[in-house]
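This report concerns only the one structure given below.
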Amino acid sequence: MDVRLNAWVRGRVQGVGFRWWTRARALELGLVGSASNRPDGRVEVVAEGSRENCEQLLKALRSGETPGHVESVGEQWSDARGDLTGFIER
C-alpha cells in the first residue's frame with residue numbers, strides 16, 4: 001500500500017538547487033509529488049509511493065548531502081491520495 005509523506009525542510013534550502021536535487025532523488029525512487037518553496041523560507045516536499053521509498057527520500061533529505069544547508073526536517077505520514085503524477089518543482 002502506498003503512503004504520502006509531507007516533509008518540511010528548514011535551513012538554507014531556497015535558491016541553492018535543493019528542489020531540483022529533491023526531484024532527482026524522488027524520481028530515482030519512483031515517487032510522485034512536488035517540492036515547493038514556502039514563504040517562510042522552508043521547502044515543502046510531498047511524495048507518494050511505497051513506505052520504503054518515501055523513507056529513503058526522507059533519509060536523503062536528512063543526509064547532509066543536499067545542496068544548501070538543512071537544519072531540520074519535519075515529517076507527517078498519511079495514506080496516499082493517488083492524485084499526483086510526476087514530480088514537479090514549484
Side-chain angles (χ1 to χ4, degrees):
M1 184 177 90
D2 284 352
V3 298
R4 176 180 281 231
L5 166 66
N6 285 74
W8 295 271
V9 184
R10 184 178 302 278
R12 189 170 54 82
V13 290
Q14 291 190 7
V16 292
F18 184 86
R19 290 175 301 146
W20 177 88
W21 182 90
T22 300
R23 177 179 181 269
R25 300 296 78 74
L27 291 174
E28 288 171 0
L29 292 165
L31 301 173
V32 295
S34 63
S36 310
N37 282 339
R38 306 302 300 166
D40 64 4
R42 294 181 299 171
V43 169
E44 180 179 11
V45 178
V46 177
E48 285 191 1
S50 73
R51 176 83 188 208
E52 179 182 349
N53 287 353
C54 285
E55 286 176 352
Q56 287 295 318
L57 179 62
L58 189 60
K59 184 178 176 182
L61 295 175
R62 292 177 168 151
S63 68
E65 297 172 7
T66 66
H69 175 73
V70 173
E71 292 174 9
S72 64
V73 181
E75 65 187 271
Q76 180 178 12
W77 296 89
S78 57
D79 292 336
R81 296 182 197 163
D83 58 350
L84 303 171
T85 56
F87 201 97
I88 60 172
E89 299 171 52
R90 294 184 176 149

Flag the pair F18 / R12 as yes when at least one side-chain heavy-atom distance between them is below 4.5 Å, and no otherwise.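 Counting from C-beta outward, F18 and R12 never come under 4.5 Å.
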Q56 and L31, any side-chain heavy atoms less than 4.5 Å apart: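 Sidechains of Q56 and L31: no contact.
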State plainly whether the residues [X] and [Y] are in salt-bridge range, i.e. N to O under 4.0 Å.
X   : Y   : value
D40 : R38 : no
E65 : R25 : no
E55 : R51 : yes

Would a single hydrophobic cluster contain both [Y] and [X], if residues Ile, Leu, Val, Met, Phe, Trp and Tyr are joined by side-chain heavy-atom contacts under 4.5 Å?
X   : Y   : result
L58 : L27 : yes
V45 : V3  : yes
W8  : L57 : no
V46 : W21 : no
V16 : W20 : yes

How long is the gap from CZ on R19 to CD on Q14, to the nearest 0.5 Å?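 R19 CZ to Q14 CD: 7.5 Å, rounded to 0.5 Å.
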Can you tell me how far the OG atom of S72 sits from the CZ atom of R62, to the nearest 0.5 Å?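 With rounding to 0.5 Å, OG (S72) is 9.0 Å from CZ (R62).
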Quick check against the 3.5 Å criterion: does [X] have a side-chain atom that pairs as donor or acceptor with the backbone of [Y]?
X   : Y   : result
E44 : N37 : no
E75 : L5  : no
D2  : E48 : no

Do you know which two heavy atoms are closest between [X] and [Y], and how far apart they sit?
X   : Y   : value
V73 : A7  : CG1-CB, 4.1 Å
T66 : V70 : OG1-CG2, 3.4 Å
R90 : S34 : NH1-OG, 3.8 Å
P67 : G17 : CG-O, 3.7 Å
G49 : C54 : N-SG, 3.9 Å
A35 : V43 : CB-CG1, 4.4 Å

If you count the non-hydrogen atoms of other residues, nucleotides and ligands that lie under 6.0 Å from CH2 in W77, is the total more than 12?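 Count over threshold, so yes.
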